[in-house]
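Just so we're clear, the structure is a prediction, and the values are computed from it rather than from any experiment.
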Amino acid sequence: MVKNKVCLISLFLALYFLFSCKTGNSERNLPAIHLKGTILQPDSILLGHKVVAIVDSHLVVPTWKNEYLYDVYKMKGDSLLLNNRLISRGQGPYELTVSEEMYDVLSGRFVIYDCNMGKGFLLEGDSVGKMMDYTLWKSLGKFHNEVYISKMVIETDSTVVTAFMQDGFKAFLGRYNLNTGKHSILYGLWPDDGFEGSDYVKQTVYANGSLLKCPDKNLFLVSSQMGQYVEIFRIEQNQIVPVSKLFDLYPQYEVANDGLNVRYSRDNMRGLDICVTSEFIYVMPDRGTMEEYVRDIQNSDSYNYTDEIFVYDWNGVLRKRFKLDYDILTLLVDKDNHFLYGQSIDKETSDEYIVRFELDGRF
């Protein structure tokens, strides 16, 4: 009798998880809402790859130019007017060589940092004037003294949550104190992807993905660099508490011959581009596998741009699926969920441009 009861429970659980998985997959096939984009015409050559902040009708775009790291464009109707340049490229007191960035849309704080130098700045970004005034910048100090930090996101006035790499820890998330310069480890999230090798190699896979925060809640989001894994979590004191997985296709990888670096499987799915607002999480999965991506590049088929975006709320519930009339590579949504901006390319001329999609009334 007991044995039969155990079997029935096992069967119930198996059916439950099977049904849950099928339900999740079918939800991603819900009818798409088609969005028509408008190309924003720049007044100069656009040498950027992503809109990273929207500051009082200005777009901040990383640039590949030699002198500066960011171009600042003013939006005027359907035009982009180059208004200013931000962060000189170099090793001076107010310069960086390369950069990562994180913009808090509610507070207007803007973190720009150089992972390799272990150096960065906290800018006041609620207006372009403040953002450009380097006398208002707060130095982050030398934040590589203890660990190698690859990503960071603002948590409080004095702390940022980080993704880091340092061997010996079954964790890849931490907290860096801007006032003391001290870094602490946050345990509780170590994806069960089947990898049994070096902790450092596994950290590299997840620490180089996305790390984002809900602007007005104690909710964070992390994704892997390759594969399609996205998870929501919260922080309780010094512990990570997993909340919900949006995508659970873990990356397929192994240790490279040097024993330190990562080697991804040829049929490994590529990653995702993600942006968040207070209400929603916008996820744009890349198409295809790494092998297909390399093949397309070799065939001069431009980059593997995407036209499908999934929109979740912070409870992990899929709310909308958008289909775009332009393929884009990156995305950013303004804080009020009015407009979505993406980088696209003319496949004939290879010219890059920014496309704006209107979201008003879509929720």
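With a 4.5 Å cut-off on side-chain heavy atoms, Leu331 and Ile274 do not count as touching. The side-chain heavy atoms of Leu178 and Asp157, taken from C-beta on, include no pair separated by under 4.5 Å. No side-chain heavy atom of Leu80 sits less than 4.5 Å from a side-chain heavy atom of Leu82. Tyr282 places none of its side-chain heavy atoms less than 4.5 Å from the side chain of Leu332.
With Phe339 as the aromatic partner, Arg356 meets the cation-pi criteria of under 6.0 angstrom to the ring centre and within 45 degrees of the ring axis.
In this structure Gln252 satisfies the side-chain contact (heavy atoms from CB on, under 4.5 Å) test together with Ser265, Asp267, Asn268, sequence neighbours excluded. Residues passing the ring-ring contact (aromatic ring centres under 6.0 Å, His included) test with Tyr253 are Phe195, sequence neighbours excluded. Residues passing the side-chain contact (heavy atoms from CB on, under 4.5 Å) test with Glu67 are Lys65, sequence neighbours excluded.
You'll find the ring centres of Phe247 and Tyr229 outside the 6.0 Å limit.
Heavy atoms from other residues, nucleotides or ligands lying under 6.0 Å from CD of Gln91 number 12 at most. Applying the 6.0 Å contact sphere to NZ of Lys323 captures more than 12 heavy atoms from other residues, nucleotides or ligands.
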### salt bridge (Lys or Arg N to Asp or Glu O under 4.0 Å) between Arg89 and Glu95, intermediate numbers included
CA-CA 6 Å; Arg89 193 185 300 272; Glu95 298 177 339; over 6 Å; no
### Message
For a side-chain contact (heavy atoms from CB on, under 4.5 Å) check, start with the C-alpha distance between Val276 and Lys213, then their side-chain angles and the critical distance, and finish with the verdict.
### Response
CA-CA 7 Å; Val276 301; Lys213 182 185 182 300; over 6 Å; no
### Task
With salt bridge (Lys or Arg N to Asp or Glu O under 4.0 Å) as the test, would you mind laying out the steps for Glu236 and Arg234 before giving the verdict?
CA-CA 7 Å; Glu236 294 183 357; Arg234 66 178 185 271; 2.8 Å; yes
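At a threshold of 4.0 Å, the pair Arg109-Asp126 does not count as salt-bridged, since none of the basic side-chain nitrogens sits closer than that to a carboxylate oxygen.
Results of the side chain to side chain donor-acceptor pair (under 3.5 Å) test with Arg175 over Thr159, Asn238, Thr156 single out Asn238 as the only residue that passes.
Remark: the backbone N or O of Val98 is paired with a side-chain donor or acceptor of Asp114 at under 3.5 angstrom.
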